[in-house]
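Quick notes on the structure that follows.
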Amino acid sequence: NPGAYTIQVLGAHSTQTVDKFISGFPGYNFMQIQSSLNGQPWHVLFYGIYNSKNEAGRALSALPSSIRQNSPWVRQVGGVQDQIRSGRVR
């Protein structure tokens with residue numbers, strides 16, 4: 001649903017960075033995509049699918065501080081889908 005929302009929790013060039021982050025949060029079901037940023041691989045982690053921006057914002061606020069310290073933000077799923085189709089970060 002392109003009108004839904006998700007939380008982008010991490011972006012990194014290194015798969016090791018992503019894997020280390022994921023291993024630190026067992027029980028969290030992160031979604032991962034790979035695109036490119038400035039010609040380099042870029043791995044992005046998302047958490048959850050929410051019906052509204054407010055619902056996603058509340059979920060973001062409830063995440064552990066160790067996730068919030070990475071400055072996650074709410075994104076509309078349609079924008080993420082566009083990123084997947086284009087294969088790059090805009």
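What you see is a predicted model, and the numbers here were worked out from it, not measured in a lab.
For P72 against I67, the heavy-atom pair with the smallest separation is CD-O, 3.6 Å. Scanning both residues, Y47 and M31, for their nearest heavy atoms gives C-CE, 4.1 Å. Smallest separation of non-hydrogen atoms from S66 and F25: OG-CE2, 3.3 Å.
By the 4.5 Å heavy-atom criterion applied to side chains, V18 and L45 are counted as neighbours. Considering only heavy atoms from C-beta on, Y28 comes within 4.5 Å of L63 through its side chain. I49 places a side-chain heavy atom less than 4.5 Å from the side chain of V77. The shortest side-chain heavy-atom distance between V44 and Q32 does not fall under the 4.5 Å cut-off. Counting heavy atoms from C-beta outward, W42 and S36 have side chains that stay 4.5 Å or more apart.
Atom CD of Q81 and atom CZ of R75 lie 11.0 Å apart (nearest 0.5 Å). The line from OG of S61 to CZ of R68 is 7.0 Å long, rounded to the nearest 0.5 Å. Rounded to the nearest 0.5 Å, atoms OG (S14) and NE2 (H43) are 7.0 Å apart. With rounding to the nearest 0.5 Å, the separation of CZ in F21 from CG in N70 is 5.0 Å. Rounded to the nearest 0.5 angstrom, Q34 CD and H13 NE2 are separated by 11.5 Å. The distance from the OG1 atom of T15 to the NZ atom of K20 is 13.5 Å, given to the nearest 0.5 Å.
Taking the centre of each ring, F30 and F46 stay at or above the 6.0 Å mark.
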Full working for side chain to side chain contact (heavy atoms under 4.5 Å, CB included) between I7 and Y50: CA-CA 9 Å; I7 302 168; Y50 306 94; 3.9 Å; yes
Residue pair L60, V74: steps toward the side chain to side chain contact (heavy atoms under 4.5 Å, CB included) verdict: CA-CA 8 Å; L60 190 157; V74 172; 4.1 Å; yes
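Counting non-hydrogen atoms of neighbouring residues, nucleotides and ligands closer than 6.0 angstrom, the CG atom of D19 exceeds 12 such neighbours.
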